[in-house]
Amino acid sequence: MSLEALTIGRVGVDLYPEQSGVPLAGVSTFAKSLGGTATNVAVAAARLGRRTAVLTKVGPDGFGDYVRQALDGFGVSPEFVGTSPDLQTPVVFCELNPPADPPLLFYRSPIAPDLTLTDEDVPWDVVESVPLLWVTGTGVSVEPARATQRKILEARGRREHTVLDLDYRPMFWPSVEQARAEIGGLLDHVTVAVGNRTEAEVAVGTADPDEAADRMLARGLRLAVIKKGAEGVLVATPDGRWTVPPQRVEVVCGLGAGDGFGGALIHGLLSGWDPVRIAEYANAAGALVASRLACADAMPTAGEIEELL
Ligand SMILES: Nc1ncnc2c1ncn2[C@@H]1O[C@H](COP(=O)(O)OP(=O)(O)OP(=O)(O)O)[C@@H](O)[C@H]1O
Ligand SMILES: O=C(O)C[C@@H](O)[C@H](O)C(=O)CO
């Protein structure tokens, strides 16, 4: 059966503390799970019944084996997971302090395999024809991934649905100005953009959700999704705009909520739902992930989302 969505970007092994509310120095045990935003999004959409794959790379090590096995276990095709012979599969620690907004510690030196993506790694027929293509801001943070991701979007030709996860992680960029130039430049090649207020400010120079949405729509997007935290989500199209309130949950770990939201966004776009229905569904998915420790391993099923709604 053919693929419905291809995500492109980060993969890693998340090592998250099993003790909450303490600095890393006080943690005694860590739980291992699959992570990396593009990977989490592919898993989240697969949990909702979509046939997905992630285009990424790992190192020739045991963690790379784990990534492929975990993807397979979640029903995400590992077919487009390449191997960088001289690099290590990244690991990522977080500090559950505060649990709602945990600081991240990335081990991706000297460069992460997923940022060494070149033309040879790309399944060109798939990126041109898959019903939904998902790219991320981090994918243009360094070469050679930057040039490769740009070429992918050119080949795609702004076909519907091409989604940009604004995904700004400051530690991957030399300056916010460069991030703005690179991530902002992608807006002319996608049909949907999604990000929080900080990410919107990086991409289009304003953290005001309405103004950010206006600037994105002016670039030819069909849907702009601005996540406003506790105030909910703004969804804007050329025909109207709506703010959809969040679901209330007790937060265990805020990380990955955006990726759960993203997987549900994929499901909603492929289902042809209207923007408000998509946002309600995605808010519930994000809330469920925030109420759990892990990222990929915590993605909710359709049944769990419907129960919360
Ligand atoms: N504490 C929470 N309570 C309820 N819903 C939440 C909570 N945190 C996140 N969500 C839901 O998940 C969505 C995405 O979360 P968030 O805005 O934190 O994404 P993000 O900044 O992209 O995070 P990350 O990249 O770490 O996953 C929110 O718009 C909201 O719908
Ligand atoms: O890759 C990251 O951003 C950090 C990971 O630990 C986590 O899996 C994630 O992607 C949260 O968005």
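Atoms within each ligand, like the ligands themselves, are counted from 1 in listed order.
Short contacts between ligand 2 and Thr37, defined as distances under 4.0 Å to a heavy atom of the residue, involve ligand atoms 1 (O), 10 (O). Close contacts of ligand 1 with Val249, meaning ligand atoms under 4.0 Å from a residue heavy atom, involve 3 (N), 4 (C). Numbered from 1 in the order shown, with element, the atoms of ligand 2 that lie under 4.0 Å from a heavy atom of Val92 read 6 (O). Close approach to Asp259 involves these atoms of ligand 2, each under 4.0 Å from a residue heavy atom: 9 (C), 10 (O), 11 (C), 12 (O). Close contacts between ligand 2 and Arg10 involve ligand atoms 1 (O), 2 (C), 3 (O) [criterion: under 4.0 Å to a heavy atom]. Residue Arg169 approaches ligand 1 through these ligand atoms, each under 4.0 Å from one of its heavy atoms: 25 (O), 26 (O). Contact atoms of ligand 2 toward Cys295: 7 (C), 8 (O) (distance under 4.0 Å to a heavy atom of the residue). Interface of Tyr16 with ligand 2, defined as ligand atoms under 4.0 Å from a residue heavy atom, comprises 5 (C), 6 (O), 7 (C), 8 (O). Every atom of ligand 2 is numbered from 1 in the order shown, and the set under 4.0 Å from a heavy atom of Gly35 is 8 (O). Heavy-atom contacts of Arg169 reach the following atoms of ligand 2: 3 (O), 11 (C), 12 (O) (cutoff under 4.0 Å).
With a 4.0 Å heavy-atom cut-off, ligand 1 is reached by no atom of Glu250. Under 4.0 Å from ligand 1, not a single heavy atom of Lys228 appears. Under 4.0 Å from ligand 1, heavy atoms of Asn283 appear from its side chain as well as its backbone. Contacts of Val233 with ligand 1, taken as heavy-atom pairs under 4.0 Å, involve the side chain alone. For Leu255, heavy-atom contacts with ligand 1 shorter than 4.0 Å involve the backbone as well as the side chain. Counting heavy atoms closer than 4.0 Å to ligand 2, residue Asp14 contributes side-chain atoms (C-beta onward) but none from N, CA, C or O.
Of the candidates Thr39, Thr136, Asn40, Leu255, it is Asn40 that places a heavy atom closest to atom 9 (C) of ligand 2. Around atom 16 (P) of ligand 1, the closest heavy atom drawn from Ala287, Ala279, Gly258 belongs to Gly258. Distances from atom 10 (N) of ligand 1 to the heavy atoms of Ser291, Gly286, Gly195 show the closest one on Gly286.
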- Message: Between Val58 and Tyr66, does the side-chain contact (heavy atoms from CB on, under 4.5 Å) criterion hold? Intermediate values first, please.
- Response: CA-CA 10 Å; Val58 294; Tyr66 162 67; over 6 Å; no
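Summarising the local packing, CD of Glu143 is surrounded by more than 12 heavy atoms from other residues, nucleotides or ligands at distances under 6.0 Å.
Under a 4.0 Å heavy-atom criterion, Gly229 is not in contact with ligand 1.
Proximity of atom 4 (C) of ligand 1 to the protein is indicated by at least one non-hydrogen atom lying closer than 4.0 angstrom.
Because its NZ or CZ atom is both nearer than 6.0 Å to the ring centre of Phe172 and within 45° of the ring axis, Arg108 counts as a cation-pi partner of that residue.
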